[in-house]
Amino acid sequence: YASVQYTLAAMVFGAVVALVLGLIAAAVRNGGPLPLRWIAAGYINIVRGVPDVLFFLFFPIAFEQGLEWLLSFQVCTPGTLALNTGQWPPCDAANISFDKTQYLILACISLGIVYGAFVANVIAGALRAVPLGQLEAARAYGMTSMQVLRRVHIRQMWVYAMPGLSNVWMSLIKATSLLSLLQIMDFVTWAQRLGASNFSKAAGLVHDDWRWRYYLVLLVFYILVTYVSEKIFAVLNRRVRRGMPLAEQNLT
């Protein structure tokens, strides 16, 4: 039960971080100052090309060791640092050990950073897909730039972004199977451990390899999550298209 909670928490909070980062990066890429546009474009293009598992391992480890490096300047003596040159952590006092909750937070941030790049790419394209004539008409009615952005541009952007965001969400769901790499006892880890052959000195072979049965439960679990997600996105699609029959006809 706890492992299912970890998996669902990683899905939801990872998606929230990805959406926030994606909105910021897309807005900067489309209308920010030139240096910030370069940074946003680099984030979107580079992170999308990095394998999920590599970044999933890199960010938490780099964050943990970065904290230990900063802490070493405060708690380690110069003699200890010189003695432990080439070793990690720099000294025993600078050693940091995260618990499951902290690793889960790092996992959510890692998922958010990786899939935030995909979200940003989808939203940036959706913002450019909104017809310019509608934005010009809104300005002609006397709306300010912020009103045009909030009431017209972003409002219509969701119609074009929803299909792409649905695909990103499905990919993020599959990436939650990597939680075990961060020492989190997730659903996949328990399936592996409980399904493996179990021996006991007193009873001998308790059961043989049952992993396929537990993996079948995993398969059903992810299918159910995917099914519920499709229903939720169908409701969201109808919501964002409400009052926009022309956009709906064009998309279909």
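Since the structure is predicted, the reported quantities are computational estimates derived from the model, not experimental observations.
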Student: Check Glu230 against Met170 and note the closest heavy-atom contact, atom names and distance.
Tutor: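 For Glu230 versus Met170, the nearest heavy atoms are CG-CE, 3.6 Å.
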Student: If you link ILVMFWY side chains whenever their heavy atoms are less than 4.5 Å apart, which other residues fall into the same cluster as Leu34? By chain and number, please.
Tutor: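 Once heavy-atom contacts under 4.5 Å are chained together, Leu34 belongs with Trp38.
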Student: Name all residues meeting the side-chain hydrogen bond (donor to acceptor under 3.5 Å, both in side chains) criterion together with Gln5; count only those two or more places apart in sequence or in a different chain, and write none if there are none.
Tutor: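 side-chain hydrogen bond (donor to acceptor under 3.5 Å, both in side chains) list for Gln5, sorted by chain: Tyr1.
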Student: A side-chain contact here means heavy atoms from C-beta on lying under 4.5 Å apart; do Leu71 and Leu67 qualify?
Tutor: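 A side-chain contact under 4.5 Å is absent here.
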Student: Taking only distance into account, with no hydrogens and no angle test, what donor-acceptor pairs under 3.5 Å do side-chain atoms of residues 106-131 form with protein atoms, sequence neighbours excluded?
Tutor:
from: Ser110; atom 1: OG; to: Leu106; atom 2: O; distance (Å): 2.8
from: Tyr115; atom 1: OH; to: Asp52; atom 2: OD2; distance (Å): 2.5
from: Tyr115; atom 1: OH; to: Ser171; atom 2: O; distance (Å): 3.3
from: Arg128; atom 1: NH1; to: Asn30; atom 2: OD1; distance (Å): 3.4

Student: Quick one: list whatever passes side-chain contact (heavy atoms from CB on, under 4.5 Å) with Ala27, sequence neighbours left out.
Tutor: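 Scan of Ala27 (side-chain contact (heavy atoms from CB on, under 4.5 Å), adjacent residues dropped) gives none.
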Student: Quick one: side-chain hydrogen bond (donor to acceptor under 3.5 Å, both in side chains) partners of Asn45, sequence neighbours excluded?
Tutor: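 Residues passing side-chain hydrogen bond (donor to acceptor under 3.5 Å, both in side chains) with Asn45: Arg48.
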Student: Which residues satisfy the side-chain contact (heavy atoms from CB on, under 4.5 Å) test with Trp190, sequence neighbours excluded?
Tutor: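 If we apply the side-chain contact (heavy atoms from CB on, under 4.5 Å) test to Trp190, skipping adjacent residues, the hits are Ser3, Met185, Leu194.
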Student: Any chance you could measure Leu149, atom CG, to Met157, atom CE, to the nearest 0.5 Å?
Tutor: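 Output value for this atom pair is 8.5 Å.
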Student: Clusters formed by hydrophobic residues whose side-chain heavy atoms approach within less than 4.5 Å: which one holds Ile61, and what are its other members?
Tutor: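 When side chains under 4.5 Å apart are linked, Ile61 ends up in no cluster with other residues.
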Student: Any side-chain donor-acceptor pair under 3.5 Å between Tyr141 and Gln147?
Tutor: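 No.
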Student: Within the 4.5 Å heavy-atom criterion, are Val16 and Leu19 side-chain neighbours or not?
Tutor: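 No, every pair of side-chain atoms sits at 4.5 Å or beyond.
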Student: Sequence neighbours excluded, which residues qualify as ring-ring contact (aromatic ring centres under 6.0 Å, His included) partners of Trp69?
Tutor: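 Listed in chain order: Phe73.
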Student: Ser229: what forms a side-chain hydrogen bond (donor to acceptor under 3.5 Å, both in side chains) with it, not counting sequence neighbours?
Tutor: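 For Ser229, the residues satisfying side-chain hydrogen bond (donor to acceptor under 3.5 Å, both in side chains) (neighbours in sequence not counted) are Trp169.
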Student: With sequence neighbours left out, what residues match Phe221 under ring-ring contact (aromatic ring centres under 6.0 Å, His included)?
Tutor: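 Residues passing ring-ring contact (aromatic ring centres under 6.0 Å, His included) with Phe221: Phe187.
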Student: Who are the side-chain hydrogen bond (donor to acceptor under 3.5 Å, both in side chains) partners of Tyr43, not counting sequence neighbours?
Tutor: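 Scan of Tyr43 (side-chain hydrogen bond (donor to acceptor under 3.5 Å, both in side chains), adjacent residues dropped) gives none.
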Student: What pairs of residues pass the side chain to side chain donor-acceptor pair (under 3.5 Å) test when at least one of them lies in residues 6-19, not counting sequence neighbours?
Tutor: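 As it turns out, there is no side chain to side chain donor-acceptor pair (under 3.5 Å) pair with a partner in residues 6-19 once direct neighbours are skipped.
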Student: Nearest 0.5 Å, please: how far is CE in Met11 from NZ in Lys174?
Tutor: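 Separation between the atoms: 12.0 Å.
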Student: Using side-chain heavy atoms (C-beta onward) and a distance below 4.5 Å, is Trp158 in contact with Leu165?
Tutor: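 They are in side-chain contact.
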